[in-house]
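Quick notes on the structure that follows.
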There are 2 protein chains.
Amino acid sequence: MFDFTPNPTFGPLQNPDLKVPTAAMDAQPETIIVGAVIDAISEQRLPAGAKLGEQALSVLFNCNRANVRRALAALEAKHVVELRPNRGAFVAAPSADEAREIFQARRAIERTIARQAVKRIDADGIARLKASIAAENLARSRRDKPAELRSSQNFHMLLAELAGNRVLQRFLAELTMRSTLILGMYAREGHSCAHCDDHTGIVDALIARDEALVLDLTDRHLRRLEAELDFERPVAVTVSLKDQIFGS
Amino acid sequence: MFDFTPNPTFGPLQNPDLKVPTAAMDAQPETIIVGAVIDAISEQRLPAGAKLGEQALSVLFNCNRANVRRALAALEAKHVVELRPNRGAFVAAPSADEAREIFQARRAIERTIARQAVKRIDADGIARLKASIAAENLARSRRDKPAELRSSQNFHMLLAELAGNRVLQRFLAELTMRSTLILGMYAREGHSCAHCDDHTGIVDALIARDEALVLDLTDRHLRRLEAELDFERPVAVTVSLKDQIFGS
DNA sequence: TCAACATATATTGTTAACAATCAATGTCAA
DNA sequence: TTGACATTGATTGTTAACAATATATGTTGA
């Protein structure tokens with residue numbers, strides 16, 4: 001009757017790391033699920049359009065469906081998943097238009113953050129930023145894509161933390177997460193990822209407290225990221241076994 | 001046993017308008033509740049700290065508790081309510097620190113929006129902005145505080161719409177809503193509300209397409225609003241019968 | 001071979017009953 | 001009167017069963 005055969009669309013979620021999301025585990029199943037799904041998306045283990053079945057999640061996280069439903073409602077409010085009535089929950093698949101708006105919003109917010117960061121940067125902050133870049137380089141040399149993505153996002157979130165505004169921090173967290181989703185959907189074949197050097201340049205400009213340069217580099221960095229997208233090529237958003245075997 | 005005596009903290013929610021929130025009714029109880037609560041907060045019918053009991057909401061909206069719980073989870077994700085385990089849901093009560101961060105974020109986002117709006121403004125947009133100001137003035141002359149608040153927020157949201165970025169639009173919606181909450185908590189006695197003229201000035205600057213002036217006026221407008229706050233005076237956040245009778 | 005239809009299975013949505021927890025009231029002794 | 005303690009009632013949290021819906025499978029007829 002009910003023999004939960006590992007759902008192929010869920011392979012990534014079985015990563016043991018998942019049950020210990022970045023947010024401290026406060027024993028509330030809803031929070032754990034939300035954190036785990038966000039982490040999985042941030043590291044591109046969960047692709048856009050992936051189905052998040054209620055039973056699958058309740059088995060994975062050892063909780064009842066009521067908690068799963070609450071988690072999915074919260075994720076929908078954060079624009080992380082889309083809830084289609086009587087169909088279920090799916091990882092959000094931003095359209096080309098949404099993608100452009102998300103990147104535009106990112107530039108606006110990261111500029112503000114950069115301006116604050118220049119004012120408030122200190123030795124400790126510099127050290128943490130450099131450590132983040134080092135971690136990113138290490139991950140890339142090891143061809144560990146999830147770790148690389150995590151580090152790259154971490155760099156931007158560190159800047160937001162240094163800016164000292166938790167509201168903007170949260171907004172940026174949403175935008176970086178959705179950016180990862182967008183890159184997964186629209187990234188060109190073999191996109192360079194050369195933007196890593198950009199981070200080093202930004203830190204140098206921060207050390208020099210050159211506001212104009214920091215703003216310019218931040219803006220260019222984000223535009224370069226967006227330029228790597230290809231909205232022409234149609235993207236598969238529905239991840240089903242059939243699509244995975246026979247392609248789009 | 002169960003005789004739901006109208007909860008005093010819920011008086012405002014019995015406003016018939018509430019069942020038809022701004023978002024079109026799509027028959028999903030969760031969405032309706034979320035919209036109604038946000039509207040009620042935006043018009044200062046629901047104060048910070050007000051308790052949102054599950055049974056009370058399920059009776060008000062004719063739905064089961066499961067849907068109420070989903071709605072509350074969504075509202076928590078939007079930072080509209082705070083969910084205290086085993087205690088219930090309460091309208092968020094931003095601290096002084098949070099308030100400052102929210103207003104700082106607002107200035108950052110509204111500046112970006114204003115810059116875009118200057119570029120994209122047209123005759124239709126001007127007309128709608130002027131209509132919004134007229135509605136605000138009318139509401140004030142009628143001493144209809146909820147309508148005045150709604151119109152004032154509407155002006156800012158109209159600008160965001162004109163800017164043409166739905167992400168920033170959503171961010172600003174959250175921030176204006178929380179601003180209303182903050183004003184309800186920390187506003188000085190008899191605060192002027194003279195900022196209404198600011199709106200007229202901004203529209204004039206928009207017509208002239210004077211970007212620098214628009215940015216300056218927007219920034220001043222928001223700082224003036226923030227200056228009307230008094231964080232020293234302690235604020236009652238827990239709305240209970242006792243507090244209402246004996247004061248804070 | 002293919003399309004349309006009917007059936008079966010799985011998934012989501014709803015409801016009610018029960019358990020656990022908290023707030024309030026009442027009692028009693030110091 | 002006041003403080004600690006026990007009890008009561010109300011509220012939140014959990015669970016399981018059931019209903020409604022959608023998806024997948026299988027069948028039939030051209």
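Keep in mind that the numbers below use all heavy atoms, side chains included, and drop hydrogens, waters and symmetry copies. Here is the naming used below: chain letters follow the sequence lines, and residue numbers restart at 1 for every chain.
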Mind listing the residues from residues 63-74 of chain A sitting with a heavy atom below 4.0 Å of DNA chain D? Number order is fine. A/N64, A/A66, A/N67
Atom pair distance, as rounded to whole Å: [atom1] in [X] and [atom2] in [N]:
{"X": "A/Q55", "N": "D/dA22", "atom1": "CD", "atom2": "P", "answer": "19 Å"}
{"X": "A/L52", "N": "C/dT11", "atom1": "CG", "atom2": "P", "answer": "14 Å"}
{"X": "A/N86", "N": "D/dT21", "atom1": "CG", "atom2": "P", "answer": "7 Å"}
{"X": "B/F90", "N": "D/dT11", "atom1": "CZ", "atom2": "C1'", "answer": "10 Å"}
{"X": "A/E54", "N": "D/dT21", "atom1": "CD", "atom2": "P", "answer": "16 Å"}
{"X": "A/N62", "N": "D/dT15", "atom1": "CG", "atom2": "C1'", "answer": "15 Å"}

Pairing donors with acceptors under 3.5 angstrom, does anything connect the side chains of A/Q153 and A/T180?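 Distance-only check passes for A/Q153 and A/T180.
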For B/A135, all residues meeting side-chain contact (heavy atoms from CB on, under 4.5 Å), sequence neighbours excluded: B/S151
Which residues pass the side-chain contact (heavy atoms from CB on, under 4.5 Å) test with B/Q116, sequence neighbours left out?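 Once residues adjacent in sequence are excluded, the partners of B/Q116 under the side-chain contact (heavy atoms from CB on, under 4.5 Å) criterion are A/Q104, B/K119, B/R120, B/A163.
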When the axes are fitted on five pairs at both termini, how much does the helix from C/dT1-D/dA30 to C/dA30-D/dT1 curve, in 10° steps? 0°
If you look only at pairs with a residue in residues 157-176 of chain A, which of them pass as a ring-ring contact (aromatic ring centres under 6.0 Å, His included), with sequence neighbours excluded? A/F171-B/F171
Under the side-chain hydrogen bond (donor to acceptor under 3.5 Å, both in side chains) rule, collect the residues that match up with [X], sequence neighbours excluded.
{"X": "B/E30", "value": "B/R70"}
{"X": "B/S179", "value": "B/R106"}
{"X": "B/N64", "value": "B/N67"}

Do any side-chain nitrogens or oxygens of B/K51 fall under 4.0 Å of OP1 or OP2 in D/dT12? yes
For residues A/L72 and A/V81, report the shortest heavy-atom separation together with the two atoms involved. O-CG2, 3.8 Å
Assign each of A/R87 and B/G88 the nucleotide of DNA chain D bearing its closest heavy atom; nearer the 5' end lies the nucleotide of B/G88
Return the set of residues passing salt bridge (Lys or Arg N to Asp or Glu O under 4.0 Å) with A/E174 (not counting sequence neighbours), or none when no residue passes. A/R178, B/R170
